[in-house]
Structure formats: structure tokens, C-alpha cells
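Worksheet for the structure shown next.
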Number of protein chains: 2
Amino acid sequence: MYLRALIGLAEDGTTTCSSEELAATAGVNSAKLRKDLSYLGSYGTRGVGYDVEYLRYQIAREIGVTHDWPVVIVGIGNLGHALANYSGFRSRGFRVVALLDADPTRHDEVVAGLDVRSFEDLESIVSDNDVSIGVIATPAVAAQAVADRMVAAGITSILNFAPSVLAVPEGVGVRKVDLSIELQILAYHEQRKAVAPGSEDAS
Amino acid sequence: MYLRALIGLAEDGTTTCSSEELAATAGVNSAKLRKDLSYLGSYGTRGVGYDVEYLRYQIAREIGVTHDWPVVIVGIGNLGHALANYSGFRSRGFRVVALLDADPTRHDEVVAGLDVRSFEDLESIVSDNDVSIGVIATPAVAAQAVADRMVAAGITSILNFAPSVLAVPEGVGVRKVDLSIELQILAYHEQRKAVAPGSEDAS
DNA sequence: CTCTGTGAACATTTTCACAGCT
DNA sequence: AGCTGTGAAAATGTTCACAGAG
């Protein structure tokens, strides 16, 4: 979040910023921002603030986005399509090296300049491109099998868009994005507003 | 999460479950699950567990997904496309009533059985369908303007996929989904593994 | 005099552990 | 006997408030 905020400031031509400004841009409290950044080291200047470019580089280095990470996407339905075309990945240091789908009728398609390949090619793609991050955009029923195969092929981080909890071995990282849960959270607050109008936060 | 886990159990024919089982399905600790559910009331039976259907209904009622929520999606690029077609919304009580895009060349298109309409129609659509939830899938630069217009039209909850922090009035709920941040978190853990192999969690 | 970096205070979340219901 | 519901404890996260650097 801070990295993105810094990139935004840099694009606006800002060279220096205070914790207050950066916190506002990122949408957090300035004390929290300073505490968070303090864990990385002392990259600010007292009485002045932070140098945007310098801090940006330090954060990028810390979180490991100074070099490209090759990524494979499995499941080229609507969501896989969108992910393959999502420019935010490329601009943030991720390079989609392959799109895989179990459905052979999709293997003709070219999406985002890559042709959709067979899921059978997973192992060779992973070893050839040294891939350690996989994205699952399949239906829920297929997700666990895809994850197992990814892990067997040597992938150690999985971003899961399927609405299912994945069981993976120790040492494999999984993050889940569930679009409908986000909407349900909004609906919950909507309902509360309707029932008891008054105190409500905007987070 | 618990609701989804319960739906999964119900589909498998399970009629009763313990906090241990449900927690495992949802991927959390059983004590946490019991504490969470206790805030809703005492819907379990000591010595037995929870009735799947009963608990499912109680949670659905609590979070407000017993009736349909009309939703509008603004920005029908790749992501908007995917969201419009995402079956998870419909099955979880959300009904996409309109797809809007500022680009007139897209107004011919029919996506997911709905035709893409002009962003100018926002106000009438919101009032005609009593919409209180809006989804922003536009580029970052357009997001704030779209949000402002949504709020003016009467929308009080926004799901934002654009990588920008939205400023909204008190009382308007915003949730943000940033796909590249999730990948960055995985990359961070990958880098840590490479540097200092050993203790690593699989969350 | 301004703004960072940080110990200490405060707040929230998670887990433990067990009383008590069925 | 088995499992929920829940106080109390532990862990974690956030904010305050100020010493001290520039």
C-alpha cells in the first residue's frame, strides 16, 4: 500500500513527503505509518520527512519486487481472462509466463498475447521458467487438484480465487481472494444502516 | 466464510457438525469459531454440535443475505466483464442490475445477458432499482469521479477494484480489493524463504 | 521549530481452559 | 461423555505523546 502510494506521489512530481501526507495517501494513521516504516529501518529525515524515491526503493527491495516474478495462471475463464490482461501485475513486477486450462477447446485461444496451453504442461513450464507463484482461477471443485499439482511441480506460493479452502503442505504460502465475501461485508453494513441508523464507520 | 463452509457441508449431505469440523472446513481455530458464533446467539446444542441448515439460515439472516441485493458495476473492461459473469454473486444473494461504462463504443455490447449502458444512466438506474451497492472496475484515474457520482446518486456501499484510495462522506462504506497487493505479499514471503529458509507459515 | 522514531498506553483479536447443558 | 458457550489470559495491533535529530 505504501509502495503504491509512493509511486503515485512520484508520478505527481513529489520528491519529499511527511508521514502525514503519505499516511493520508495510503489511507492510514500517520503514527501507524511511521511505526510500520520504522521496522524497515530509518529511512526518513527528522524535521523534513521521507525522500519519495529513496523510500520507494527501500520498500520495493524489502518486499522483493525489484526483480520480476514469473507467474502461471490456471483456469482461463472470465476471471482468468481478466487476470491475464490485468496491467497491474506487469507494472508491479509480475510476469505472466503461461496460461493453462484443462479444457482442450480453449487451447486455440490467444489471451493477452499468450496462447492458452494444456494443464499437462505445468511441470515443464514451472521448471523452464523457474516459476514459484501460481494463480488459481478455476471453479471451486478443481482448485484443490490444481493446487496439489502446482505444489508437486515446485510452486511454493498460490493465489487462490476459487471459493474453497486449500490444503497445502507446510512451507507453501496461500492467499485467498473471495469476491463475494467482500460484497457480503458491504451488504451486512447496509443492513445495519437500515436497521439502526447512526454510528457507522467508512472503512 | 462460515456461511460458505456451511453451504459446502449442506451440499455434501451433512446435517450436523461440531465446531471442530466447521472450523476445519472454514480454515480457522475451533475456539475462534465458537466465540464468533456466540455473538450471534446460542444456535448450537451442547454435546451435539450445530445443525447445518439452522445455523446457515441464522448467519444468512444476520449478515443480510436472505434477500437479494441489487448491484451496479461501472467499468466494463476485462475485470468488469469477469465480475458481470461471476456466478458467485448471483448465488450469494447479489443481482447485477446494470453494467455501465463511460466509453460509448462499448454500449453496443451485451455482457452476461445485460447490455452495457451509459454512465449517464446511473442516477435513474439507482433510483428505479433501489440500488445501494456499487462496484468500481474502472482505471484508477476514473475511480474517484465514479465514486462521487455514485454517492450523489444515493449509493451507500462501494466495492473498489481500482488501485486508488477513495474519499467518501461519512456513512458510505468502501471496501477495496487490490489484486497486485496479494501477489506482492506472496512474493515477499517467497523472498524471505529464499533468504532465510526455516520458519514459515502457510496462511 | 518541524517531523521522525519509538517506548508506553490502549484497544482489539485470538486462544486457552473449563463450567455447565444435553 | 461430548461439545458448546464464555470468562480470563495471552498475543497482537494501533494510537498516543514526546525525546531528540536535523
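Labels below follow one simple rule: chain letters A, B, ... track the order of the sequence lines, proteins then strands, and each chain is numbered from 1. Note that this is a predicted model, so its numbers are computed, not measured.
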Phosphate-side-chain proximity, [X] and [N], N/O vs OP1/OP2 below 4.0 Å:
{"X": "A:Y50", "N": "C:dG5", "answer": "yes"}
{"X": "A:K32", "N": "D:dT15", "answer": "no"}
{"X": "A:S19", "N": "C:dC3", "answer": "no"}
{"X": "B:Y39", "N": "C:dT13", "answer": "no"}

So, using salt bridge (Lys or Arg N to Asp or Glu O under 4.0 Å) as the criterion, who are the partners of B:K32 when residues are at least two apart?
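By the salt bridge (Lys or Arg N to Asp or Glu O under 4.0 Å) rule, B:K32 matches B:D36.
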Between B:I155 and B:V126, is any pair of side-chain heavy atoms under 4.5 Å apart?
yes
The contact string for nucleotides 16-22 of chain D, one letter per nucleotide 5' to 3', using protein heavy atoms under 4.0 Å with B, S and - for base, sugar-phosphate only and none, comes out as BB-BBBS
Rounded interatomic separation in angstrom, taking [atom1] from [X] and [atom2] from [N]:
{"X": "A:L33", "N": "D:dT14", "atom1": "CG", "atom2": "P", "value": "12 Å"}
{"X": "B:D36", "N": "D:dT4", "atom1": "CG", "atom2": "C1'", "value": "14 Å"}
{"X": "B:L37", "N": "C:dT15", "atom1": "CG", "atom2": "C1'", "value": "16 Å"}

Measure from the ring center of B:Y43 to the ring center of B:Y54 and say whether it is less than 6.0 Å.
yes
For A:D101 and A:H107, the nearest pair of non-hydrogen atoms, with its separation, is O-NE2, 2.7 Å
Counting neighbours of CG on B:D12 that are heavy atoms of other residues, nucleotides or ligands and sit closer than 6.0 Å, is the number greater than 12?
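It does: B:D12 CG has more than 12 such atoms within range.
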Residue among A:V135, A:I136, A:V146, A:V168 satisfying side-chain contact (heavy atoms from CB on, under 4.5 Å) with A:N160:
A:I136
With the side chain defined as heavy atoms from C-beta on, A:S18 is closest, among C:dG5, C:dT4, D:dT4, to C:dT4
